Number of protein chains: 2
Amino acid sequence: MTPLVQSFVGHFGEMGSRWGINRTVGQIYALIFVSPTALCADEIADTLACSRSNVSMGLKELQSWRLVKMKHVAGDRREFFEAPTDAWEVFRTLAEERRRREMEPTLTMLRSALLEEPGSEADRIAQERMRSMHDLIDLLSTWFDDVQRLDAQTLAKLMRMGSKVQKLLELTGQLKSGSKE
Amino acid sequence: MTPLVQSFVGHFGEMGSRWGINRTVGQIYALIFVSPTALCADEIADTLACSRSNVSMGLKELQSWRLVKMKHVAGDRREFFEAPTDAWEVFRTLAEERRRREMEPTLTMLRSALLEEPGSEADRIAQERMRSMHDLIDLLSTWFDDVQRLDAQTLAKLMRMGSKVQKLLELTGQLKSGSKE
DNA sequence: TCGAAGTTTCAGTAATTACTGAAATTTGAT
DNA sequence: ATCAAATTTCAGTAATTACTGAAACTTCGA
């Protein structure tokens with residue numbers, strides 16, 4: 001590893017816990033991400049000085065996040081791994097997986113809680129707050145879904161507009177005056 | 001705790017680790033969020049059957065995330081805690097804190113890595129990928145900043161439009177034809 | 001079908017993170 | 001200033017999570 005790659009890999013290792021992955025998984029991803037060629041598990045274990053089995057587990061997790069994909073090389077029985085380099089694709093994948101893992105279970109729980117009959121005034125208030133939480137998460141979730149379908153260019157354009165979008169919305173409101181909003 | 005509140009608190013405890021907080025912190029937040037009145041630390045420790053000091057630590061963390069705020073009651077020396085109930089406000093707070101904790105350190109690292117002189121072809125390729133990662137995170141970061149300034153209503157409107165935004169953008173492109181995009 | 005190369009699983013251990021209770025500190029009324 | 005109520009800190013311990021190495025399994029060529 002060159003010093004440049006080393007600092008990148010090191011950072012991903014340290015940030016891992018904040019991002020909900022462990023040190024090794026972060027390092028493996030970083031290493032694959034900047035590697036010019038696909039890497040095999042042994043190379044990774046060797047470079048990161050950790051056990052082969054740890055790499056195996058880490059790769060499985062990264063695949064479950066769809067952050068690395070396997071690649072077969074003709075005439076070589078080993079499995080090689082590479083990371084999508086299109087940053088937009090990576091972002092969309094991450095957003096989608098996070099939605100699935102971090103939001104969907106909560107939505108399910110909230111939906112069932114909202115079906116219960118409140119047994120007290122405290123329950124009624126609790127349910128009211130759960131409803132506002134549900135509605136927001138639901139909205140964000142649907143929105144993610146929609147945005148995911150936009151191509152990178154459109155998204156970038158949208159983002160570069162930033163808060164100017166507000167003015168755009170006001171404009172449209174005028175054009176199709178009589179909107180229910 | 002009523003069964004309704006219990007299942008909500010329980011869920012937040014379980015999801016805690018996925019969200020980067022621990023069980024107790026998740027439970028404390030959930031409890032405060034649905035409580036009709038502000039709670040004091042002793043009540044929380046009592047309800048969750050955990051130590052007073054654990055609650056103290058948890059509250060400190062939740063305050064650092066700006067998810068709960070302290071409230072003083074006249075003639076009572078204890079501190080009471082309540083959670084903002086406006087879901088939009090909560091979402092913005094979370095997005096902002098996450099940006100600060102999960103994205104900013106990486107941006108800093110990437111910026112300094114991009115200033116280095118690549119020492120090899122591998123370094124050059126690595127740096128190229130780091131640049132695309134940097135540019136995306138930077139874009140997202142700025143965008144969050146902008147969007148944060150929008151009021152809840154505008155944001156909700158924008159989200160409800162979902163992917164229709166694309167058509168809106170195409171339309172604007174036509175209006176001010178000759179755009180550099 | 002055998003064996004070698006490659007991969008995964010898993011039980012045990014190391015490292016980290018969470019929690020507790022006691023002691024120290026802070027706060028505010030008298 | 002003093003005291004008591006409230007809160008925080010922190011060292012020790014419990015619980016959880018990460019990692020390793022050995023064994024089991026899989027795959028493919030001969």
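So that the names make sense, note that chain A is the first sequence line, chain B the second, and so on, each numbered from 1. Quick caveat: nothing in here was measured; it's all calculated off a predicted structure.
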Base, sugar-phosphate, or nothing for Arg77(B), non-hydrogen atoms under 4.0 angstrom?
base
Between atom CD in Glu14(B) and atom P in dT17(D), what is the gap in whole Å?
12 Å
Give Arg52(B) one of three labels, base, sugar-phosphate or nothing, depending on what nucleic acid heavy atoms sit under 4.0 Å from its own.
base
With nearest nucleotides of DNA chain D determined for Arg78(B) and Ser53(B) from heavy-atom distances, which residue corresponds to the more 5′ nucleotide?
Arg78(B)
Any salt bridge linking Arg92(A) with Glu96(A)? Criterion: basic side-chain nitrogen under 4.0 Å from a carboxylate oxygen.
no
Thr106(B) vs Arg18(A), test: side chain to side chain donor-acceptor pair (under 3.5 Å). Steps then yes/no.
CA-CA 11 Å; Thr106(B) 302; Arg18(A) 282 197 207 184; over 6 Å; no
Given dT9(D), is OP1 or OP2 found less than 4.0 Å from the side-chain N or O atoms of Lys60(B)?
yes
Name the residue closer to the 5' end of DNA chain D, choosing between Asp42(B) and Asn22(A) according to the nucleotide with the nearest heavy atom.
Asp42(B)
Mutual orientation of the aromatic rings belonging to Trp88(B) and Phe91(B) [parallel < 30°, tilted 30-60°, perpendicular > 60°]:
perpendicular
Send over the distance from Met57(B) CE to dT20(C) C1', rounded to a whole Å.
9 Å
Nearest-Å distance for atom pair CG/C1', residues Leu48(B) and dC19(C):
13 Å
Hey, what's the ring geometry for Phe12(A) with Tyr29(A), parallel, tilted or perpendicular (30° and 60° as the breaks)?
tilted
Taking the side chain of Asn54(A) as its heavy atoms from C-beta onward, which of dT20(D), dT8(C), dA5(D) lies nearest to it?
dT20(D)
For Leu62(B) and dT8(D), what is the distance between atoms CG and P respectively, to the nearest whole Å?
13 Å
Figure out the CD/C1' separation between Gln27(A) and dC19(D), and round it to whole Å.
13 Å
Does dC19(D) have OP1 or OP2 under 4.0 Å away from a side-chain N or O of Arg23(A)?
yes
Rounding to a whole Å, what distance do you find between Asp76(A):CG and dA4(C):C1'?
14 Å
Integer-rounded Å distance: dA6(D) P and Ile44(B) CD1:
15 Å
Answer with base, sugar-phosphate or nothing: what part of the nucleic acid does Cys50(B) contact at a heavy-atom distance below 4.0 Å?
sugar-phosphate
Taking atom C1' of dT26(D) as reference, at what distance in whole Å does atom CE of Met70(A) sit?
13 Å
Let me know, please, whether Ser51(B) or Cys40(A) comes out on the 5' side of the other along DNA chain C by nearest nucleotide.
Cys40(A)
So, for Thr85(A) and Arg129(B), which heavy atoms are closest and what is the spacing to 0.1 Å?
CG2-NE, 3.4 Å
